[in-house]
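Shown next, in structure tokens, is the structure this report addresses.
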Amino acid sequence: MSNADVIVVGGGPAGVAAALELRRAGVPRVMLLDREPALGGATRHCSHSPFGMREFGRVYLGAAYGRRLTWEAARAGVDVRTGHSVVRLHPGGRLDIATPEGVGTLTASRILIATGARERPRASRLISGDRPIGVVTTGTLQAYVAFHGLMPFTRPLVIGSELVSLSAVLTCLGHGARPVAMAEAGPQPLAPAPFAWFPRLARVPFHLGTELVDIRGTGRVEAATLRHADGRREEIACDGVLLTGRFTPESALFLQSPLGVDPGSAGPAIDQDGRSLDPACFAAGNLLRAVETGGWAFREGRAVGRALARDLTGAPCEVTPIAVGFDDPIKLVVPSLIRATGREPALADFQLRVTRAVRGRLALEIDGREVWAERRTFLPERRILVPIPPAAFSAASIRFRLSEEG
Amino acid sequence: MMLPTIPSTLRDDYDLAIIGAGVVGCAVARRFALAGAKVVVIEKGSDILSGASKANSAILHTGFDAPPGSLELELVKAGRAEYLADRASLGLSVVETGALVCAWTDDEAGKLEQIAAQGRDNGIGGLALLTAEAARATLPGLSARLVAALEVTGEHIIDPWTAPLAYLTQAVALGARVLRGAELVAGRYEAGWQLSTSVGEVRAAAVVNAAGLYGDEVDRRLGFTPDFEIRPRKGQFVVLDKAAYAHVPRIVLPVPTEITKGVVVCPTAFGNVIIGPTAEEQIDRVRTTVEREALEALLARGAEIVPALAGIPVTAVYAGLRPATEKKHYRVSCRPEQRAITLGGIRSTGLSAALGLAQHALRLHASFGLPAHVLAEPPSVRLPNLTESEPRDWQQPGHGEIVCHCELVTKREIEAAFDSAVPPGDFGGLRRRTRAGMGRCQGFYCNARLAEMSRGRLAVPLAVEDREDA
């Protein structure tokens, strides 16, 4: 006897939305596991960010959003288990878990993994220099503040210019830290205007085309070196380095399973319903591709939950998936698999990201024939949506091409 | 310079003062404490293993490639044998991976026979020349460009930090004293050693210099003319995600060339794979910077050796400094008139030879004619297991909660580290004693919690103190 019909792993917006949808669709036993003591996922860290407008019709700041998710899950009769870590994902709906009571195994007809994404740290970015105290990511900074009333620095150098980077600067300014400068390696800010004006409005010197090339410090950070667009090196005194953005999916469960991860997204490959290479295992949310908003993750979780509920009426889908082809400068395509299920898909669009700013023509080819194209400038870390055409579901080959122009 | 007022306990007469709490100093402390001696360890850093010992490849060597007839060979063999004999009682593990010395060119393949012969002459068994096919049968992930290999079944991997911690913990259980943040300023011998340190005066009948990167400087401060010169040589490493472990079940060693010892691809006892080291000479004895170009080169080389490693995420990077000298061999010296022993230039094989060096120091000390002691009954000291080859705390009920999810480190383990006989003095020390913060997220999730749990307990705090909120 299995432990549940569906086990959802991850109690952030995507996982909870999926669990609520499964219960709404009448699935009797829906279990949701989260390894933290409370639901909310990444939203728990963000004290000042607004969540919940579209899904609940009102705004919750940070931790309050998680409490609303908890209330919704309880009300819907989801079996919520916090403090439960999944340590291994096995094929066919089996999980190894760790809890304060010890270790165990859970089984279900279907698993849905929604473990989100995290920012890449200093080591993974191969930043040169010493490895002193005080080099942290936004998520860590926000955890210092939100959960412990502490700060990891007072005068940080901020690296990155995504939306989260601005949130990071706000967190600093609100808690006694004054960023000494902000640096973005690319030629343009990654966050869209008007958000990109924020550092200058906050009187934080902001440098484009500028890379962090060295960190110095024996105990704590003492200085960091920037290489500016003109090649000039500048050593900046600081007591911390705040590495922002450059999210990567929290996909270790897939990486350490036979399923592996998609090399483009670093998350699990899924089909149009959120089904991974293992048809008993689904995925949703920022685990699929880093990074979207909490609201987007919620809607995606709900859509995959709906498809999963329908999927439960039979055995796991046995249709062989077609892989979606793409090349650089396209970084990822989600879904990267298509299965001819004969059913309405959960995801209506392909989501794409590019590795760098490209002015060119993006085209979608089905069985070698172009069915869609758009010519414009495509920017990194921005949402690129291409509707999944019905022909994709009976195709033998699906390919995206982005040809650069001038 | 005025020295601070010394607490009276510092003025006890010790039988032995050991300068340096690296792996060698910790092993020496244990050996002498087990022999009934009253031992003090004088460590400059805020924690043990602050210097060369905190960054190595964690290999328990056989000595197959040590210079024939050398002291290094003798002590690596002795140290290894003692580790394997005593480890279970200390709670230490060993992962018997074996190693393959891999030849990637015909030239390199031509050298394997000679390496095997030297290994046999060194008294090492478990050596076998393998064809590329046979080698790949034991390690399928090796690149198809492999020409041939020499199998060395005795090369194993261990936890390189819990071992010295266990040695020192056993010494402390026998009454040894460990002074941290204590820099030896000067020493004078006059029917016994009068050592001036940055935390006060220490008197000891004999002294062992196990100061690693400062070996020559400590000899100088003891009033000797050092007979060696430390020339620090940096080695950078990358640590790959645990997903890499399945592809590298054995240590992959290079065939040394005239220029370089080459790059090792090696599993770790914690379930990762490391690639390294580089070799860069430098003057600085403290800074261990990493350079992006060097790290990228290591990753590229690793992917050449085991192609499946390409694209596996990097979890961590680190760099260590070898206390190399102007010569290749160990620089061990004994000055019986001053009852001083120097264990210098212990580079590359210090972890494997440490227990052997400790025995050697005891033998040298026996010639000093100092009073013998009653042998102590070894107190039971079992350090908690951090490796993946034995059960860990997260698998036991009642652990409270998991604090570091990437490495599955429990609240109970972290608290136990702070309550232990040799508690962490800095964040690196906390990480090495618990694995907390060592995983793929590098503290993204747990660093804030660790900051709270470690408040007031680390030399450099994670969180800023005395700040004002806006």
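Please read all numbers here as calculations on a predicted model, not as lab measurements. Letters A, B, ... mirror the listed sequences (proteins, then strands); counts begin at 1.
When heavy atoms are compared at a cutoff of 4.5 Å, A/Leu255 approaches chain B by way of both its backbone and its side chain. Neither the backbone nor the side chain of A/Leu141 comes within contact range of chain B; no heavy atom of the residue lies under 4.5 Å from a heavy atom of that chain. No part of A/Val213 comes within reach of chain B, as not one of its non-hydrogen atoms sits under 4.5 angstrom from that chain. For B/Ile402, the part lying near chain A is the side chain, with the backbone staying farther off; criterion is any non-hydrogen pair under 4.5 Å. Looking at B/Ser46, there are no atoms closer than 4.5 Å to chain A (heavy atoms on both sides), in backbone or side chain. For B/Ile312, no part lies near chain A; criterion is any non-hydrogen pair under 4.5 Å. If you measure heavy-atom distances from A/Ser124 to chain B, the contacts under 4.5 Å come from both the backbone and the side chain. B/Ala294 does not touch chain A: none of its heavy atoms, backbone or side chain, sits under 4.5 Å away. In this structure, no portion of A/Pro263 lies under 4.5 Å from any heavy atom of chain B. At a 4.5 Å heavy-atom cutoff, A/Thr248 makes no contact with chain B through either its backbone or its side chain. For chain B, no part of A/Gln142 is nearby; none of its heavy atoms comes within less than 4.5 Å. Residue B/Asp426: no heavy atom, backbone or side chain, is found under 4.5 Å from chain A. B/Arg449 touches chain A through backbone and side chain together, each having a heavy atom under 4.5 Å away. Interface residue A/Glu101: only backbone heavy atoms are found under 4.5 Å from chain B.
Ion pair B/Lys242/B/Glu407 flagged as a salt bridge, since at least one NZ, NE, NH1 or NH2 atom sits closer than 4.0 Å to an Asp/Glu carboxylate oxygen. Here B/Glu304 pairs with B/Arg301 in a salt bridge; the nearest charged N to carboxylate O distance falls below 4.0 Å. For A/Arg227 and A/Glu211, the salt-bridge test passes: some basic side-chain N is under 4.0 Å from an acidic carboxylate O. We find that B/Lys411 and B/Asp393 are not joined by a salt bridge, their nearest charged nitrogen and carboxylate oxygen being 4.0 Å or further apart. Look at B/Lys44 and B/Glu183 and you find no salt bridge, because none of the NZ, NE, NH1 or NH2 atoms lies under 4.0 Å from a carboxylate O. In this structure, A/Arg216 pairs ionically with A/Glu235, as a charged nitrogen and a carboxylate oxygen lie closer than 4.0 Å.
Under the 4.5 Å side-chain criterion, counting only non-hydrogen atoms from C-beta, B/Lys234 is in contact with B/Glu291.
Taking the six-membered ring for Trp and thresholds of 30 and 60 degrees, A/Phe147 and A/His45 have ring planes more than 60 degrees apart, a perpendicular arrangement.
In terms of heavy-atom pairs under 4.5 Å with chain B, the best-connected choice from A/Ser85, A/Ala266, A/Gly129 is A/Gly129. Interface check for chain A: of the options B/Gln442, B/Arg440, B/Gln396, the most heavy-atom pairs under 4.5 Å are formed by B/Arg440. Put simply, of A/Ile127, A/Val103, A/Thr99, the one with the most heavy-atom pairs under 4.5 Å next to chain B is A/Val103. In terms of non-hydrogen atom pairs under 4.5 Å with chain A, the most contact-rich of B/Ala316, B/Cys441, B/Pro313, B/Gly398 is B/Cys441.
Geometrically, A/Arg118 does not engage A/Phe247 in a cation-pi contact, judged by NZ or CZ lying under 6.0 Å from the ring centre and within 45° of the ring axis. No cation-pi contact links A/Arg155 to A/Phe153, judged by a cut-off of 6.0 Å to the six-membered ring centre and 45° from its axis.
Exactly one residue among B/Thr410, B/Val409, B/Leu450 makes a side chain to side chain contact (heavy atoms under 4.5 Å, CB included) with B/Val403. That residue is B/Leu450.
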